[in-house]
Amino acid sequence: MHAESLLELLKSRFSTAIGDILNQPAERVDPVVRPSAEARFGDYQCNAAMSLARAAGCKPRELAERIVAGVRLEDVAEPPEIAGPGFINVRFRDAYLAARVAGIPAAGSLDRLDIPPRARPQRVIVDYSSPNIAKQMHVGHIRSTIIGDVFARVLAFLGDDVIRQNHVGDWGTQMGMVILGIWHVFRLDAEERVTDAAALVRHFEDAAAAVGANAEPGARRTRLAALAEEMSQALSKERSGRWGAWLGEFEAGRTRIAPTLDVLTSAYRFVNAVEDAPESGGIGVADPLRSRPVPLARLSNHIVAEMLHARHAEELHAWRIAREVSLRETQHMYDRLGVLLRPEDVCGESFYHDRLEGTVAELRSRLTERDASRPASAPYGVVRDDQGAVCVFLYDETHQPLFKNPEGEPLPLLIRKSDGAFLYATTDLAAVRYRIEELGARRLIYVTDARQVQHFRQFFAAARAVGWACHEVSLEHVTFGSVMGEDRRPLKTRSGSTIRLSELLDEAEERVAAVIRERQSALEATAPALPEEELRTLARAIGVAAVKYADLKNDRNSDYVFSWDKMVALQGNTAPYLLYAYARLRSILREAGADAEPDALYASDATPAASAGAAPVRLDHSTERALALRLLRFREALAVVAADLSPHVLCTYVYDLSADLTQFYEACPVLKAPDAATRRSRLRLCDLAARTLRLALELLGIRAIERI
RNA sequence: GCGCCUGUAGCUCAGCUGGAAAGAGCAGCGGAUUUCUAAUCCGCCGGUCGGGGGUUCGAGUCCCUCCAGGCGCGCCA
């Protein structure tokens with residue numbers, strides 16, 4: 001039997017009392033119960049008297065007195081005190097807090113800490129991470145991945161039916177470039193027998209430089225013309241079915257050539273450089289399917305078009321290879337980061353490809369001018385063709401455009417380009433429909449950076465206008481700020497390129513290892529040296545935790561300054577400090593041996609001593625009481641995170657809990673407690689604190705460490 | 001030009017949706033201590049909450065306005 005949270009309990013008691021006074025049903029009263037700002041104002045305060053005094057027709061202080069007279073709290077709290085203009089301060093009775101803490105059962109196979117699941121669970125989509133898979137994951141992907149994972153964990157813990165969706169960019173122009181890149185990889189393997197991944201990367205870097213902006217124009221033109229000739233020949237072979245054979249060989253040689261994402265990325269960059277070269281528009285590539293040559297600058301677009309129309313299986317086959325290689329590497333990164341995302345959560349752009357045509361048709365038939373001529377009671381949309389593109393224009397109830405361009409004209413949401421291609425708005429609309437109608441989602445959470453806010457507002461409005469998202473469906477765009485370097489510019493390497501996620505984690509581990517070594521040498525006299533192997537393991541775990549925690553601890557909307565020194569620091573609100581607090585608890589519980597086994601610790605409730613009045617938990621010292629109160633308030637933090645989607649609230653909670661713990665240790669010896677009952681009580685507090693800390697960290701996606 | 005985000009102690013940030021005398025950490029200064037893991041605890045120093053106006057019994061929080069920084073604004077995602 002789960003008891004209601006302390007906050008819920010007070011809210012309900014005060015609502016009843018105030019409802020009686022105002023002659024209103026209790027459900028309609030906001031009792032304005034808050035945790036007290038300071039300890040001298042009790043544990044919680046009810047601030048309703050001030051705001052309701054006018055309605056009650058009396059002075060705030062007088063209303064406060066009537067509330068205090070009417071509220072029933074004798075069973076849980078000391079008599080409430082009225083202070084200032086009409087604050088009602090409530091302090092729980094120590095015995096009540098002790099009983100509540102003692103009421104939390106031993107950990108089951110699924111440790112819920114007696115926190116009840118939601119009364120009304122929802123099917124929730126969390127759309128997060130969603131990288132473009134043609135490229136290595138870099139720092140730009142880290143926030144969505146880490147923040148979104150917390151939502152998936154917290155909402156699932158609270159009982160929601162969470163469906164993770166990794167909406168990867170696995171379709172479109174960038175994949176055309178990768179396909180061309182694969183073609184080059186293959187060509188080098190087949191014709192020049194370059195099979196070493198590092199050599200391939202070097203080759204593509206050199207080749208990209210040869211056609212880059214710094215190359216001599218004459219040489220560049222010669223080089224590009226030669227490339228166009230090679231590709232013309234290749235396409236002619238491909239169209240006669242020979243490329244398929246090459247791809248077969250390529251696949252067979254994959255273990256030999258190891259087409260890592262590195263290789264694909266460098267090949268992609270090479271293709272990009274070719275298409276961007278100033279001369280590429282004027283140099284053509286012959287494709288037997290076309291009467292006229294395809295400009296080199298548009299070759300990947302052409303390839304994508306072939307892929308889209310599935311006229312040739314080769315492009316699709318190359319696409320599959322590129323996708324598979326990319327996704328495998330992406331999964332490695334998720335595993336290393338310790339996020340929940342799995343291959344089965346991938347549902348990317350390509351998934352929606354054959355729904356796009358229908359999506360546009362449906363929007364066109366349902367958002368017609370006819371609706372625009374009617375009096376509107378809600379925002380609505382109209383699909384119109386404009387400059388050859390299919391556009392959704394969105395208006396509010398008063399027929400004013402919801403979005404405007406810099407010229408002040410209505411800004412449409414484009415769902416089909418003038419060349420017939422679809423856009424990401426089309427995919428997003430197809431996805432929102434799929435998620436609501438086929439996956440049955442009632443809450444859709446999108447975790448992306450704040451720059452996309454207008455796009456989300458537009459396509460949310462379109463989804464509402466067309467009726468795919470009714471008012472019972474919640475569409476939430478969860479934004480976050482940028483990661484800044486210490487120079488206040490977006491985080492980059494010293495040379496100005498983006499930082500790969502793998503490099504970031506490598507460095508985090510290095511920094512943590514250095515901090516541990518330093519600590520070791522400072523303690524050399526007292527602590528045995530840590531074997532190198534263990535140090536690496538420890539550094540790996542703490543390094544990832546440090547990066548994730550640093551990302552989560554700030555309000556997600558503000559840009560945050562990335563600081564190695566701060567995130568790996570042993571003091572302050574950092575992952576190392578929290579992991580240490582947990583390890584220290586585990587150390588005490590280990591020392592206690594059998595006494596701290598769940599059987600012994602929790603069975604004591606049923607012993608004759610317990611029934612004779614020796615309560616299993618006693619809160620004699622103020623730090624014990626503060627710790628107990630903190631433990632009982634874990635649910636409040638979780639509720640805020642679930643409602644506001646703000647992970648930093650949970651971070652603040654674990655930090656406060658850790659701080660309570662150190663103060664508790666300072667004042668209250670556990671193993672050397674003055675008597676057996678106190679020792680057992682304190683061990684129980686330690687066990688509950690360890691379980692709370694472990695669970696809270698887990699919900700933040702951070703694995704606790706048993707010893708440091 | 002319009003829209004969104006941000007502005008709180010020297011630095012990095014909280015501030016639970018309008019409540020009491022604005023809080024942490026770091027840095028600085030001073031103390032504690034033969035440690036159940038000192039990766040500790042206690043104290044001190046430090047604030048015109050970007051400026052101004054308004055609403056309110058009450059504003060860091062809501063409204064208006066100005067200032068500073070960041071981002072976005074039609075066929076990229």
Side-chain angles (χ1 to χ4, degrees), chain A residues 7 32 34-38 40-41 45 47 50-51 53-54 59-60 83-87 89 130 132 169 172-174 349 386-391 403-419 421 423-425 427-428 448-455 457 479 481-482 484 488 490 515-516 519 523 526-527 553-555 557-561 563 565-566 569-574 576-577 579-581 583-592 636-637 639-640 644 646 648-649 651-652 655-656 659 662-663 665-673 682 686 707-708:
Chain A
L7 184 60
V32 202
R34 304 279 132 88
S36 294
E38 290 179 54
R40 67 195 164 98
F41 298 139
Q45 55 185 206
N47 301 337
M50 282 88 75
S51 52
R54 202 185 298 266
K59 292 201 156 73
F87 298 104
N89 295 330
S130 308
N132 253 333
T173 310
Q174 88 277 4
E349 291 174 342
D386 196 85
Q387 298 164 44
V390 183
C391 301
F403 307 94
K404 291 179 182 170
N405 68 14
E407 285 71 48
E409 299 154 351
L411 177 74
L413 179 68
L414 268 69
I415 53 175
R416 185 159 212 174
K417 298 202 288 184
S418 50
D419 68 1
L423 294 107
Y424 80 140
T427 312
D428 278 335
T448 84
D449 68 275
R451 287 176 308 199
Q452 298 186 50
V453 67
Q454 179 168 275
H455 164 72
R457 271 219 267 276
T479 58
S482 316
M484 302 297 211
R488 300 309 169 111
V515 168
I516 297 174
R519 173 89 206 130
L523 286 180
T526 52
K553 74 182 270 281
N554 293 334
D555 179 274
N557 267 324
S558 47
D559 297 343
Y560 85 91
V561 178
S563 162
D565 290 339
K566 291 205 169 81
L570 306 175
Q571 278 110 8
N573 193 354
T574 68
Y577 175 83
L579 292 172
Y580 178 79
R584 193 173 169 190
L585 273 172
R586 296 301 308 164
S587 170
I588 292 171
L589 292 165
R590 269 197 306 275
E591 291 290 316
E636 290 173 28
V640 172
D644 298 352
S646 47
H648 81 280
V649 171
C651 294
T652 304
Y655 180 66
D656 288 342
T662 53
Q663 288 169 46
Y665 298 140
E666 209 69 29
C668 302
V670 179
L671 298 176
K672 296 171 193 158
R682 290 178 179 170
C686 284
R707 63 180 85 214
I708 292 181

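A, B, ... follow the sequence lines: proteins, then strands. Residue 1 opens every chain. What you see is a predicted model; the values in this text were computed from it and never measured.
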Minimum side-chain heavy-atom gap [X]-[Y] below 4.5 Å:
X        : Y        : result
A/Pro410 : A/Lys404 : no
A/Ser646 : A/Val640 : yes
A/Tyr665 : A/Leu585 : yes

Using a 4.0 Å heavy-atom cut-off across all strands, classify [X] as base, sugar-phosphate, or nothing.
X        : result
A/Phe87  : base
A/Val561 : sugar-phosphate
A/Thr574 : nothing

Expressed as a whole number of Å, how far does the [atom1] atom of [N] sit from that of [M]?
N      : M      : atom1 : result
B/rU55 : B/rC64 : P     : 15 Å
B/rA14 : B/rU6  : P     : 10 Å
B/rG30 : B/rA20 : P     : 35 Å
B/rC5  : B/rG53 : P     : 25 Å
B/rG23 : B/rU61 : C1'   : 15 Å
B/rA59 : B/rA21 : P     : 10 Å
B/rC57 : B/rC16 : C1'   : 23 Å
B/rG69 : B/rA27 : C1'   : 25 Å

For the pair made of [atom1] in [X] and [atom2] in [N], what is the distance, rounded to whole Å?
X        : N      : atom1 : atom2 : value
A/Arg682 : B/rC36 : CZ    : C1'   : 11 Å
A/Asn554 : B/rC26 : CG    : P     : 16 Å
A/Asn573 : B/rC11 : CG    : C1'   : 15 Å
A/His648 : B/rC16 : NE2   : P     : 9 Å
A/Tyr655 : B/rG15 : OH    : P     : 15 Å
A/Arg34  : B/rG15 : CZ    : C1'   : 13 Å

Looking only at the side chain of [X] (C-beta and beyond, no hydrogens), which of the listed nucleotides [options] gets closest?
X        : options                : result
A/Lys566 : B/rC36, B/rC11, B/rC41 : B/rC11
A/Ser587 : B/rU17, B/rC57, B/rU37 : B/rU37
A/Ala583 : B/rU37, B/rA20, B/rA24 : B/rU37
A/Pro35  : B/rC16, B/rC41, B/rG3  : B/rC16
A/Arg457 : B/rC36, B/rC4, B/rU37  : B/rC4

Review point. When only distance counts, do a donor and an acceptor, one from the side chain of A/Arg40 and one from the base of B/rA21, lie under 3.5 Å apart?
Key: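 Result: at least one qualifying N/O pair found.
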
Review point. Side chain of A/Asp656, base of B/rA14: donor and acceptor closer than 3.5 Å?
Key: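 Such a pair does not exist between side chain and base.
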
Would you tabulate the nitrogen or oxygen pairs shorter than 3.5 Å linking the protein to nucleotides 60-62 of chain B?
none

Check your understanding: Tell me, for nucleotides 68-77 of chain B in 5' to 3' order, what letter each nucleotide earns: B for a base near a protein heavy atom under 4.0 Å, S for only sugar-phosphate near one, - for neither?
Key -> ---SSBBBSB

Revision key, fill the gap. 5'-most contact on RNA chain B (nearest-nucleotide basis), A/Gln571 vs A/Tyr665, goes to A/Tyr665

Practice item. Tell me the partner of B/rG43, counting only Watson-Crick (N1-N3 plus N6-O4 or O6-N4) or G-U wobble (N1-O2 and O6-N3) with both under 3.5 Å; none if nothing fits. Key: B/rC29

